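The next block holds one structure in the form of structure tokens; read it before the comments.
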Amino acid sequence: MQRSLDRIRARFPGLAGDELLLDNAGGSQILGSVIDEIADYLRSCNVQHGASYARSRVAVERVLAGERALASLLGDGPGPVIIGSSTTQLVFNLAAALAPSLRPGDEIVVSEADHEANVGAWARLAGQGVVVRSWPIERERLRLEPAGLAPLLSARTRLVCMTHCSNVVGTIHDVAAVAEMVHAVGARLFVDGVAYAPHRPVDAAALGADGYVFSVYKVYGPHLAAAYLSPGFFAELANINHHFLADAGAYRLEPGGVCYELVAGCAAIPRYLDELGEALDGPAEVGPRARAWAAIAAHEEALSARLLEFLAACPRVRVVGETCPDRQVRVPTISFVVAGMRSSELPPRLAAQGIGVRFGDFYARPLIDRLGLRAQDGVVRVSLVHYNRADEVDRLIAALAPIVG
């Protein structure tokens, strides 16, 4: 994949220029082909859907193609895909749709490792008598371990919410193992895949997730989110759209409908992955998209190893989370703190050298508080993706060395 990086980077207009963008977990750069699809939709078929005239029919097909593309990024499971403006908004919609089926004393489990998007909406259901329990993170490796969940499960558990991958420390969690535990007590599992989906293929149904959500704008697309729902979970959710849309399929969970042009643009994302895979060497029995994801994982592991090795050699630096770059263990979202320095002090010094990273809690406040890092302004986070190069990591290291050494 190293040989393909120039071609890959040329597909992302936002990478032009000298500023080094290492804040990809907050939002990746968008593919030029996605931008083209959006612009073409607006130019050629920006009309109301559902009419009999030709341009309306074309507009519908363009949006359906975008919806199918998003479904493919979630594994093309048997249930529907719901689209919204953000992961936070989608989860609020789903919580509102689940609320009518909940009774006082029903239990929902949220985790200490999650972004607030997969905590806050569910926690507010306590206002109607739901018991909300917190799944603690294991302190040594900063992982969500099944052993920590087991005591929280009971016959009253209705839903367990977890992150597939921490947006702060990059740790990948064993969703399939958790799904087995959750289903054994008759509950549902809802997974936040926002920090995972830019780096690895997702098959929500195969994982056993009843719901799985990711942010499209962190997977090289426009500012949208998409969620897969299992057929059983979907059937439990009430209509939150107009009252006469109770039988409108996914639309009953999409009040106001979807943003047509942005959804249409999403058709270009899996097409890019397929094209990337077709340009790579690999066994014929492995499809192009699988080859693309395998190459992405290997390349990102190498980038992580480069940065983690440097950070490990700095006595004042503590990596928060796994220090192993293994692609099975983590993604290249790497957080650290520096002794004697508030995390808020470092990014501006790097920005002065044209390097973009961020500090803070990244809306994973329970995790930052659990680690006692609030007073230090949270962590410094470097988040890489497949279009980043080794020389960019070296540029970051050269800038960091005199500051943290």
Side-chain angles (χ1 to χ4, degrees), residues 1-15 20-34 69-70 72-76 163-167 169-173 175 193-204 206-207 212 214-221 226 266 268-308 322 324-334 381-393 396:
M1 182 161 159
Q2 189 70 30
R3 298 193 304 271
S4 305
L5 270 177
D6 287 343
R7 292 197 305 274
I8 289 169
R9 290 174 65 85
R11 302 287 299 270
F12 295 89
L15 296 178
L20 177 51
L21 301 175
L22 302 179
D23 185 29
N24 297 287
S28 66
Q29 292 304 298
I30 188 169
L31 282 156
S33 52
V34 171
L70 292 174
S72 78
L73 293 174
L74 286 159
D76 277 325
T163 181
H164 197 166
C165 174
S166 168
N167 73 312
V169 300
T171 305
I172 298 171
H173 299 115
V175 171
V194 172
Y196 183 87
H199 308 286
R200 306 289 186 270
V202 172
D203 189 337
L207 287 168
Y212 192 106
F214 79 100
S215 295
V216 182
Y217 66 96
K218 300 181 183 183
V219 191
Y220 321 114
C266 293
I269 303 172
R271 192 160 63 232
Y272 161 75
L273 292 167
D274 291 340
E275 291 166 357
L276 174 58
E278 288 166 358
L280 296 170
D281 296 328
E285 64 272 17
V286 177
R289 197 174 308 180
R291 286 201 300 273
W293 282 121
I296 285 170
H299 175 66
E300 291 180 346
E301 181 181 290
L303 296 180
S304 296
R306 212 176 187 99
L307 179 57
L308 288 167
E322 293 280 0
C324 169
D326 187 341
R327 71 194 77 171
Q328 304 298 326
V329 172
R330 61 144 52 247
V331 300
T333 298
I334 298 169
R381 186 179 73 178
V382 177
S383 47
L384 308 162
V385 288
H386 73 284
Y387 53 59
N388 289 121
R389 301 185 307 241
D391 67 283
E392 292 182 317
V393 177
L396 170 66

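The analysis underlying the following values was restricted to heavy atoms, covering all of them including side chains, and did not include hydrogens, waters or symmetry mates. The shown structure was predicted, so the numbers you read here are calculated from the model rather than taken from an experiment.
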* Asked: Hey, are the side chains of V216 and C266 touching, using non-hydrogen atoms and a 4.5 Å cut-off?
  -> yes

* Minimum heavy-atom distance between R7 and A279, given as atom pair plus value -> NH2-CB, 4.2 Å

* Verdict with supporting geometry, R327 and H199, side-chain contact (heavy atoms from CB on, under 4.5 Å) -> CA-CA 9 Å; R327 71 194 77 171; H199 308 286; over 6 Å; no

* **Heavy-atom closest pair, residues F214 and V219** => CD1-CG2, 3.6 Å

* Distance (rounded to the nearest 0.5 Å) between N24 CG and T333 OG1 -> 8.5 Å

* Report yes if the side chains of T163 and H173 come closer than 4.5 Å at any heavy-atom pair, otherwise no. => yes

* Taking the side chain as every heavy atom from C-beta outward, state whether P198 and S28 have any atom pair closer than 4.5 Å. => no

* Are V393 and V382 side-chain neighbours, meaning at least one heavy-atom pair lies under 4.5 Å? -> no

* **ring-ring contact (aromatic ring centres under 6.0 Å, His included) partners of H164, counting only residues at least two apart** => Y196, Y212

* Quick one: salt bridge (charged side-chain N to carboxylate O under 4.0 Å, His left out) partners of R381, sequence neighbours excluded? -> D23

* Asked: Of all heavy-atom pairs between V331 and C165, which one has the smallest distance, and what is that distance?
  -> CG2-SG, 3.5 Å

* Atom CG of L31 and atom OH of Y387: how far apart are they, to the nearest 0.5 Å? -> 9.0 Å

* To do: With sequence neighbours excluded, tell me which residues meet side chain to side chain donor-acceptor pair (under 3.5 Å) with N167.
  => none

* To do: May I have the step-by-step check of side-chain contact (heavy atoms from CB on, under 4.5 Å) for R330 and L308, ending in yes or no?
  => CA-CA 12 Å; R330 61 144 52 247; L308 288 167; 4.0 Å; yes

* salt bridge (charged side-chain N to carboxylate O under 4.0 Å, His left out) against D274, all qualifying residues, sequence neighbours excluded -> R289

* Counting only heavy atoms not in D391, do more than 12 sit closer than 6.0 Å to its CG atom? -> yes

* Distance in Å, L276 CG paired with S4 OG, rounded so as to fall on 0.5 Å steps -> 6.5 Å

* Where L280 and A295 come nearest, the two heavy atoms and their spacing -> CD1-CB, 3.5 Å

* If you round to the nearest 0.5 Å, how far is CZ of R291 from CD1 of I296? -> 13.0 Å

* Asked: Excluding sequence neighbours, so at least two apart, what forms side chain to side chain donor-acceptor pair (under 3.5 Å) with Y272?
  -> H386

* **Spacing of L303 atom CG and L384 atom CG [to the nearest 0.5 Å]** => 5.5 Å

* Contacts of type salt bridge (charged side-chain N to carboxylate O under 4.0 Å, His left out), residue E275, not counting sequence neighbours -> R11

